[in-house]
Amino acid sequence: MFKTSAFGLLAGLTLSGGAALAAGNAAEGEKIALQGDGVGAPCVACHGPDGAGVDEAGFPRLPGLPAEYIAKQIRDYKSGARNNPIMQANLSSLSEQQIVDVAAYYAGMPTPVMPVKSVPEQTLALGEKLVTQGDWSRHLPACESCHGPGSAGVDASFPGIAGQHATYIRQQLEAWRQGVRANDPLDIMSAVAERLTEAEIDAVAAYLAAQPVKPSQGGAQ
Ligand code: HEC
Ligand code: HEC
């Protein structure tokens with residue numbers, strides 16, 4: 001269909017730009033997650049022992065994301081391409097090997113059970129419409145045209161966003177709108193985010209958070 005083919009092209013473009021990932025050692029990654037690297041705080045201090053994160057604090061769930069996506073985000077925080085002072089402070093001492101190790105650890109963990117929140121039906125319905133159909137009168141593609149059926153993610157370039165915390169999703173969409181996060185290959189997320197109103201951002205975040213977590217389809221080792 002039209003939607004799929006239009007963004008299938010983008011998928012091909014972003015994929016060909018990805019660098020090959022060195023093999024990560026999940027056991028070494030676990031040490032960093034639990035104890036830290038001696039400089040930054042241990043990952044579990046914020047992301048939790050099961051990697052589920054904390055909604056209110058804006059700490060994302062990590063298991064279920066592909067290893068390559070996790071490693072790319074850590075590199076982007078380190079270089080400043082993705083701008084977040086908390087993550088920069090805790091990750092900038094990691095070496096390339098430590099980055100792939102900790103990414104392998106989180107990508108290999110079972111997906112945690114996420115808290116269920118009650119959300120008004122109307123909000124969920126608006127969120128569902130935008131996520132599954134978009135609004136072509138405003139050139140707003142369906143989130144699923146890139147993030148895949150069920151927003152479960154497609155390879156390492158398009159992360160799964162189903163079952164992610166609402167606060168985190170909201171903060172990311174705001175960050176793209178404001179140009180604070182500008183690290184995806186073609187800057188496509190800012191084009192999506194700037195077309196959404198505040199109410200629509202709330203609705204897609206609430207709808208996605210209410211969906212079951214789906215482990216990444218490929219990308220993870
Ligand atoms: C002090 C709290 C804290 C610590 C410690 C911490 N994180 Fe985070 N992490 C966050 C916050 C807050 C965000 C969201 C930042 C943003 O909005 O970009 C985040 C985001 C991330 C992301 C991006 C996820 C995504 O879906 O794009 C990854 C990957 C990540 N952290 C990995 C780690 C790893 C690995 C460690 C340990 C080496 C770690 N974090 C330690 C708070 C923390
Ligand atoms: C044209 C393709 C495309 C469309 C359409 C799209 N996204 Fe994305 N999205 C991406 C890409 C690529 C990334 C990864 C960015 C990166 O590498 O940092 C992403 C990342 C995200 C993330 C960050 C996930 C994380 O773990 O940090 C969120 C949240 C998100 N998108 C939400 C949405 C929502 C909500 C919609 C629909 C309103 C949407 N996206 C539509 C391509 C798209």
Side-chain angles (χ1 to χ4, degrees), residues 3 6-11 13-15 18 29 31-37 39-48 51 53-54 57-62 64-77 81-94 98-99 101-103 105-107 127 129-135 139-148 151 153-162 164-176 180-193 195-196 200-201 203-205 207-209:
K3 280 183 264 185
F7 291 93
L9 175 65
L10 281 177
L13 285 174
T14 52
L15 263 179
K31 286 186 206 155
I32 297 166
L34 300 182
Q35 297 156 27
D37 66 341
V39 183
C43 320
V44 292
C46 298
H47 293 282
V54 182
F59 301 154
R61 164 183 55 78
L62 300 178
L65 294 170
E68 281 182 53
Y69 175 81
I70 295 176
K72 172 187 179 284
Q73 298 308 316
I74 298 175
R75 290 188 199 106
D76 286 352
Y77 284 126
R82 182 172 172 182
N83 191 346
N84 183 271
I86 302 177
M87 286 302 293
Q88 250 127 2
N90 286 291
L91 294 175
S92 34
S93 53
L94 295 182
Q98 288 173 315
I99 290 174
D101 289 349
V102 82
Y105 171 67
Y106 278 113
K129 182 172 175 292
L130 293 166
V131 169
T132 60
Q133 297 165 34
D135 182 351
H139 303 286
L140 179 66
C143 312
E144 290 193 351
S145 65
C146 290
H147 291 280
S151 298
V154 179
D155 68 61
S157 300
F158 301 98
I161 49 176
Q164 184 56 278
H165 294 292
T167 305
Y168 174 76
I169 293 175
R170 241 185 350 254
Q171 284 174 353
Q172 298 313 301
L173 292 170
E174 293 293 351
W176 271 301
V180 173
R181 181 170 176 180
N183 63 328
D184 58 299
L186 299 173
D187 206 17
I188 32 194
M189 274 310 300
S190 62
V192 170
R195 291 185 168 86
L196 296 170
E200 288 172 336
I201 287 182
V204 292
Y207 171 77
L208 288 166

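Because the structure is predicted, anything quoted here is derived from the model rather than measured. These numbers come from the heavy atoms of this one structure, side chains and all, not from hydrogens, waters or symmetry mates. Start at 1 and go down the list; that is how both ligands and their atoms are numbered.
- The shortest non-hydrogen separation linking Arg75 to Ile99 is CG-CD1, 4.1 Å.
- The OH atom of Tyr105 sits 10.5 Å away from the CG atom of Leu62 when rounded to the nearest 0.5 Å.
- Residue side and main chain included, His47 places an N/O/S atom under 2.8 Å of atom 8 (Fe) of ligand 1.
- Heavy-atom proximity to Ile70, at under 4.0 Å, picks out these atoms of ligand 1: 29 (C).
- If you number the atoms of ligand 1 from 1 as listed, the ones under 4.0 Å from a heavy atom of Leu65 come out as 26 (O).
- Put simply, the side chain of Val154 does not reach to within 4.5 Å of the side chain of Cys146, judged on heavy atoms.
- Here Ala142 has backbone heavy atoms under 4.0 Å from ligand 2, and that is the only part of it that gets that close.
- Close approach to Leu91 involves these atoms of ligand 1, each under 4.0 Å from a residue heavy atom: 34 (C), 36 (C), 38 (C).
- Using modelled atom types and a 3.5 Å distance limit, the side chains of Asn183 and Arg181 yield a donor-acceptor pair.
- Ring geometry for Phe158 versus His147: interplanar angle over 60°, hence perpendicular rather than tilted (30 to 60°).
- Under 2.8 Å from atom 8 (Fe) of ligand 2 lies no N/O/S atom of Cys146, from backbone or side chain alike.
- When heavy-atom distances to ligand 2 are checked against a 4.0 Å cut-off, Pro60 has no atom that comes that close, whether in backbone or side chain.
- Atom 8 (Fe) of ligand 1 has an N, O or S atom of Met87 inside 2.8 Å of it.
- Between the side chain of Gln164 and the backbone N or O of Arg61 there is at least one donor-acceptor pair closer than 3.5 Å.
- Considering only heavy atoms from C-beta on, Cys46 stays 4.5 Å or farther from Val54 through its side chain.
- Set against the non-hydrogen atoms of Val102, the atoms of ligand 1 under 4.0 Å away are 35 (C).
- Residue contacts with ligand 2 do not include Leu130, since none of its heavy atoms lies under 4.0 Å from the ligand.
- Taking both residues in full, the closest heavy atoms of Pro66 and Asp155 are given as CG-O, 3.8 Å, listed atom of the first, atom of the second, then distance.
- Taken from CG in Leu91 to CZ in Arg82, the straight-line distance is 10.5 Å, to the nearest 0.5 Å.
- Residue contact check: Arg82 has heavy atoms under 4.0 Å from atoms 16 (C), 18 (O), 23 (C), 25 (C), 27 (O) of ligand 1.
- Where the criterion is an N or O separation shorter than 3.5 Å, residue side chain and backbone included, Gln73 meets it with respect to ligand 2.
- The nearest protein atom to atom 35 (C) of ligand 1, hydrogens excluded, is given as Cys43 SG, 3.5 Å; this is a heavy-atom distance.
- In this structure, of Cys143, Ala193, Ala203, Ser157, the residue bringing a heavy atom nearest to atom 38 (C) of ligand 2 is Cys143.
- Proximity of Trp176 to ligand 2, defined as any heavy-atom pair under 4.0 Å, is confined to the side chain (atoms from C-beta onward).
- Each of the following atoms of ligand 1 lies closer than 4.0 Å to a heavy atom of Ala41: 5 (C).
- The closest protein non-hydrogen atom to atom 18 (O) of ligand 1 is Tyr77 OH, 2.8 Å.
- Here the heavy atom of the protein found nearest to atom 28 (C) of ligand 1 is Leu62 CD2, 3.6 Å.
- The distance from the CG atom of Asp37 to the CG atom of Leu94 is 5.0 Å, given to the nearest 0.5 Å.
- The residue from Arg181, His147, Arg61, Glu68 that puts a heavy atom closest to atom 8 (Fe) of ligand 2 is His147.
- Residue contacts with ligand 1, taken as heavy atom pairs separated by less than 4.0 Å, do not involve Asp37 at all.
- Formation of a donor-acceptor pair under 3.5 Å by the Gln88 side chain with backbone atoms of Asn84 is found in this model.
- Residue Pro42 approaches ligand 1 through these ligand atoms, each under 4.0 Å from one of its heavy atoms: 5 (C).
- Residue Lys72 places at least one N or O, backbone or side chain, under 3.5 Å from an N or O of ligand 2.
- Taking CD of Glu200 as the start and CZ of Arg195 as the end, the distance is 12.0 Å to the nearest 0.5 Å.
- Residue contacts with ligand 1 do not include Gln171, since none of its heavy atoms lies under 4.0 Å from the ligand.
- Heavy-atom separations between Glu200 and ligand 2 are all 4.0 Å or longer.
- Checking only distances, Tyr69 does come within under 3.5 Å of ligand 2, N or O to N or O.
- By the 4.0 Å heavy-atom criterion, Gln172 is counted among the residues contacting ligand 1.
- By the 3.5 Å distance cut-off applied to N or O atoms, Tyr168 is counted among the residues near ligand 1.
- When all heavy atoms of Pro42 and Leu34 are compared, the closest pair comes out as CB-O, 3.4 Å.
- Interatomic distance, Phe59 CZ to Ile86 CD1, rounded to the nearest 0.5 Å: 5.5 Å.
- Contacts of Pro159 with ligand 2, taken as heavy-atom pairs under 4.0 Å, involve the side chain alone.
- Of the protein's non-hydrogen atoms, Phe59 CD2, 3.4 Å is the one closest to atom 12 (C) of ligand 1.
- Looking only at heavy atoms of the protein, atom 2 (C) of ligand 1 is closest to Cys46 SG, 1.9 Å.
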